[in-house]
Amino acid sequence: MADSNCHYVPVKASSKVKSDYEDAYALIDVTRNGGLVDSLWFENRKVSDRALICPAWDGLGAYKVGPADVSASYSYWDSYFGYQDTDYVDYTDRTSKSFHVRGKTKSTLAVKRTGNKVTLTAKAQVYSPEKYRYAQYNAKQAKFQVKSGNSWKTLKTVSLKKGTAKLTLKQSKKKAYRLSIPTASWATSTNSKSVSK
């Protein structure tokens, strides 16, 4: 998510209905933190709908789909009155799934060398829909990394404060460095551009 617009999220569902049932319907809630965000209407045995998600109002993070109120209809012969009749069976399906809406993140790494000391200064931002802009991101488990052969080796794992973190180390040789931030429930992962010093 890199804007404050509302977006449609496709949701697919299927039901197992015995052959003697003619139709099946379901009303499925989409919630976040227990609050109703949208309700989806399903007909027949395998259908899809779209949930309207507005992060500027509903926020970033985990969204829950379910439970579902299900109704199925069937026809039968009423021997007492002598005609074909229709009846319904209703139940609540407690099955649920979840999806995450994450703000797009971006990060930068500045590297300064003084003699055999190298200072790494990292900054990170995440898009905040309710603010309609990028804001400082206090990422957790962010990793200062150095290039070692064809892979990246972690020097230190930190939590950013006020959207920034700093690391000073001794290194006489020129090396390539980067910052790597993992995926959070409400923010995407990001790797800064590598800087050599």
Side-chain angles (χ1 to χ4, degrees), residues 1-107 124-143 159 180-191:
M1 186 69 59
D3 57 53
S4 298
N5 299 327
C6 296
H7 294 267
Y8 281 104
V9 176
V11 178
K12 293 183 179 181
S14 61
S15 59
K16 294 180 180 179
V17 183
K18 292 183 178 181
S19 59
D20 54 344
Y21 284 86
E22 298 170 351
D23 296 297
Y25 310 90
L27 186 65
I28 305 177
D29 289 339
V30 179
T31 60
R32 182 173 181 273
N33 292 335
L36 182 65
V37 174
D38 200 357
S39 291
L40 308 179
W41 174 252
F42 290 85
E43 294 183 49
N44 301 319
R45 287 164 171 76
K46 190 175 183 181
V47 286
S48 63
D49 198 357
R50 299 187 302 167
L52 182 62
I53 305 299
C54 299
W57 306 332
D58 303 316
L60 301 171
Y63 285 73
K64 180 182 176 182
V65 181
D69 292 323
V70 182
S71 179
S73 64
Y74 63 96
S75 297
Y76 66 96
W77 178 257
D78 191 323
S79 58
Y80 184 81
F81 291 102
Y83 64 83
Q84 193 86 355
D85 201 358
T86 300
D87 205 350
Y88 296 86
V89 174
D90 301 312
Y91 74 99
T92 298
D93 186 342
R94 298 293 178 183
T95 302
S96 66
K97 295 287 186 179
S98 64
F99 63 90
H100 290 79
V101 177
R102 296 181 172 94
K104 184 178 181 179
T105 60
K106 54 185 181 180
S107 59
Q125 291 182 309
V126 61
Y127 190 80
S128 176
E130 67 273 14
K131 296 179 180 178
Y132 299 91
R133 61 176 175 81
Y134 280 88
Q136 64 183 29
Y137 178 30
N138 296 326
K140 300 183 184 302
Q141 299 297 312
K143 295 177 173 62
S159 292
S180 180
I181 297 176
T183 301
S185 64
W186 57 281
T188 63
S189 62
T190 179
N191 293 321

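Quick caveat, the model's predicted, so the values are computed rather than measured. Residues: numbered from 1 along the sequence shown.
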Using every non-hydrogen atom in the two residues, find where [X] and [Y] come nearest and quote the distance to one decimal.
{"X": "G34", "Y": "T31", "answer": "C-CB, 4.4 Å"}
{"X": "N5", "Y": "D3", "answer": "N-OD1, 3.0 Å"}
{"X": "K140", "Y": "S159", "answer": "CA-OG, 3.8 Å"}
{"X": "A187", "Y": "R102", "answer": "O-CD, 3.5 Å"}
{"X": "F42", "Y": "S48", "answer": "CE2-CA, 3.9 Å"}
{"X": "S128", "Y": "A135", "answer": "CB-CB, 4.3 Å"}

Straight-line distance of [X] [atom1] to [Y] [atom2], nearest 0.5 Å:
{"X": "D38", "Y": "D29", "atom1": "CG", "atom2": "CG", "value": "9.0 Å"}
{"X": "T188", "Y": "M1", "atom1": "OG1", "atom2": "CE", "value": "11.0 Å"}
{"X": "C54", "Y": "E130", "atom1": "SG", "atom2": "CD", "value": "13.0 Å"}
{"X": "S98", "Y": "K64", "atom1": "OG", "atom2": "NZ", "value": "9.5 Å"}
{"X": "L27", "Y": "W41", "atom1": "CG", "atom2": "CH2", "value": "6.5 Å"}
{"X": "L52", "Y": "H7", "atom1": "CG", "atom2": "NE2", "value": "10.0 Å"}

Take Y25 and E43 through the side chain to side chain contact (heavy atoms under 4.5 Å, CB included) test and state the conclusion after the steps.
CA-CA 5 Å; Y25 310 90; E43 294 183 49; 3.8 Å; yes
Are there more than 12 heavy atoms of other residues, nucleotides or ligands under 6.0 Å from atom CZ of F99?
yes
Side chain to side chain contact (heavy atoms under 4.5 Å, CB included) between Y137 and K106, intermediate numbers included:
CA-CA 9 Å; Y137 178 30; K106 54 185 181 180; over 6 Å; no
Can you tell if the side chain of P67 reaches within under 4.5 Å of the side chain of D69, non-hydrogen atoms only?
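No; the side chains remain at least 4.5 Å from each other.
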Test side chain to side chain contact (heavy atoms under 4.5 Å, CB included) on D58 and Y63; report intermediate values, then the result.
CA-CA 10 Å; D58 303 316; Y63 285 73; 3.2 Å; yes
Under a plain distance cut-off of 3.5 Å, with no hydrogens placed, do Y127 and S4 share a side-chain donor-acceptor pair?
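Y127 and S4 do have a side-chain donor-acceptor pair below 3.5 Å.
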Check whether R32 reaches the backbone of L60 with its side chain - one donor and one acceptor, N or O, closer than 3.5 Å.
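Indeed, once roles are kept as given, a pair shorter than 3.5 Å links the two residues.
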